[in-house]
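For reference, the structure is listed below as structure tokens.
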Number of protein chains: 2
Amino acid sequence: MTEPQWLNPEERKAWLAVASLMFRLPATLESQLQRDEDLTVAGYMVLAMLSESATRECRMSKLAELTNTSQSRLSRIVARLEKDGYVTRAMDANDRRVVLARITESGMAKIAAAAPGHVAAVRAAVFDRLDEEQVRQLAAISRTLLGDDFPHLPE
Amino acid sequence: MTEPQWLNPEERKAWLAVASLMFRLPATLESQLQRDEDLTVAGYMVLAMLSESATRECRMSKLAELTNTSQSRLSRIVARLEKDGYVTRAMDANDRRVVLARITESGMAKIAAAAPGHVAAVRAAVFDRLDEEQVRQLAAISRTLLGDDFPHLPE
DNA sequence: GTTGATTACTTGCAACCGAAACTAATGTAG
DNA sequence: CTACATTAGTTTCGGTTGCAAGTAATCAAC
């Protein structure tokens with residue numbers, strides 16, 4: 001291996017900050033949604049993606065991609081959302097291996113109710129603290145780090 | 001509330017990228033350490049912090065702060081590290097509420113063995129993809145977002 | 001068409017986590 | 001001193017997760 005064994009001081013300082021952020025930011029958002037709406041961030045994202053889809057439904061594997069989760073994890077997240085009445089699951093008639101998750105009216109109402117608080121939390125934690133230039137920098141850096149894995153929005 | 005209800009398009013794009021990164025980066029590092037060293041990222045960070053301390057020990061509450069974890073989580077992480085022989089726990093004689101975690105020789109060897117692979121993963125996921133200017137930007141943004149919560153290094 | 005590989009999704013298991021309850025030591029007010 | 005509050009850490013409980021194994025449908029080769 002030709003890489004240096006450890007990070008240089010500049011990189012090390014940057015990494016300690018990034019790592020802290022990577023642990024704390026998700027926890028902050030998670031606890032806001034849990035406390036105020038009894039939703040997980042993953043569950044919120046599933047509802048958000050479905051609610052923004054024109055057809056209000058999406059196959060499981062696509063949904064897993066959009067929400068950055070494994071298939072097995074998504075399967076359980078959707079099972080819980082279904083139990084809570086926010087989502088239904090149905091087989092695709094064309095390919096009966098495929099399961100289509102569809103958001104219910106109750107699910108639409110839930111995401112509409114949850115969104116303002118979640119957005120406020122995101123603003124408070126991120127966008128209120130950065131200027132426009134920094135937002136652009138952060139977006140550029142994030143997309144660079146995601147590389148080809150950047151997920152696509154529902155059509 | 002005076003905030004706009006949702007994010008503007010620029011912010012929305014930035015947030016989708018940041019959120020994806022926030023989910024994927026920890027998972028990447030977690031699976032590398034799990035696969036190659038049978039360590040969690042949290043366990044690695046505990047060993048790393050202890051190994052860098054002059055005294056090779058640290059009280060639990062301080063360690064929780066340094067590693068961005070709750071006390072209850074840290075308690076279990078250290079219990080597992082102790083079971084694996086990488087750490088010992090002892091009461092502080094001055095204040096018998098306090099528990100001092102100390103890294104063992106085996107723990108020092110473990111972190112030395114695990115570090116190169118972990119650092120390589122961090123490099124591959126982050127620093128190899130950014131130029132110096134972006135590293136500075138990312139560090140500045142992260143520290144701004146952490147605000148006063150920025151953790152201090154062991155003395 | 002039958003066999004074998006692949007794809008889509010689900011589930012069993014062991015480990016992990018946050019929140020709250022718990023134990024125990026220390027600090028403080030009278 | 002003696003309550004009462006506070007601090008440090010652990011543990012219990014319900015729920016979540018990743019991995020690997022399992023089910024079922026489709027595809028590909030012959």
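Treat the numbers as computed from the prediction; the structure is a model and nothing was measured.
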Measure from the side-chain heavy atoms of A:R96 and tell me the nearest of D:dA8, C:dC9, D:dA25.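 Given the options D:dA8, C:dC9, D:dA25, the side chain of A:R96 is closest to D:dA25.
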Return the nearest nucleotide to the side chain of B:R97; candidates are D:dT7, C:dT10, D:dG9. D:dT7
Nearest-nucleotide wise, let me know which of B:M60 and A:A93 is further upstream toward the 5' end of DNA chain D.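 The residue whose closest nucleotide sits nearer the 5' end is B:M60.
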Pull out every residue in residues 27-38 of chain B that has a heavy atom closer than 4.0 Å to any atom of DNA chain C, ordered by number, or say none.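 The answer is none.
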Give the residues of residues 71-89 of chain B touching DNA chain C, defined as any heavy atom closer than 4.0 Å, sorted by residue number.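 Output list: B:S72, B:R73, B:R76, B:R80.
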Nearest-0.5 Å distance, [atom1] of residue [X] to [atom2] of residue [Y]:
X      : Y      : atom1 : atom2 : result
A:L39  : A:I77  : CG    : CD1   : 11.5 Å
A:M22  : B:L25  : CE    : CG    : 4.5 Å
B:R129 : B:R123 : CZ    : CZ    : 13.5 Å
A:T69  : A:R76  : OG1   : CZ    : 11.0 Å

What is the distance, rounded to the nearest whole Å, between atom [atom1] of [X] and atom [atom2] of [N]?
X     : N      : atom1 : atom2 : answer
A:N94 : C:dA8  : CG    : C1'   : 15 Å
B:L39 : C:dA15 : CG    : P     : 15 Å
A:R59 : C:dT10 : CZ    : C1'   : 16 Å

Mind checking side-chain contact (heavy atoms from CB on, under 4.5 Å) for [X] and listing every partner two or more places apart, or none if nothing turns up?
X     : value
A:V98 : A:R59, A:D92, A:D95, A:L100
A:M91 : A:R96
B:E30 : B:T40, B:V41

Show, in sequence, the C-alpha distance, side-chain angles and deciding distance for B:R89 and B:S75, and conclude whether the side-chain contact (heavy atoms from CB on, under 4.5 Å) test is met. CA-CA 10 Å; B:R89 277 188 286 193; B:S75 182; 4.2 Å; yes
Strictly below 4.0 Å, N to O, side chains only: are A:E133 and A:R136 in salt-bridge contact?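 Salt bridge flag = yes for A:R136 with A:E133.
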Ionic contact status for A:K62 with A:E57, cut-off 4.0 Å: no
5′-ward residue of the pair B:A42/A:V98 relative to DNA chain C: A:V98
Would you tabulate the nitrogen or oxygen pairs shorter than 3.5 Å linking the protein to nucleotides 21-23 of chain D?
none

How are the rings of A:W15 and B:F127 set to each other: parallel, tilted or perpendicular (split at 30° and 60°)? perpendicular
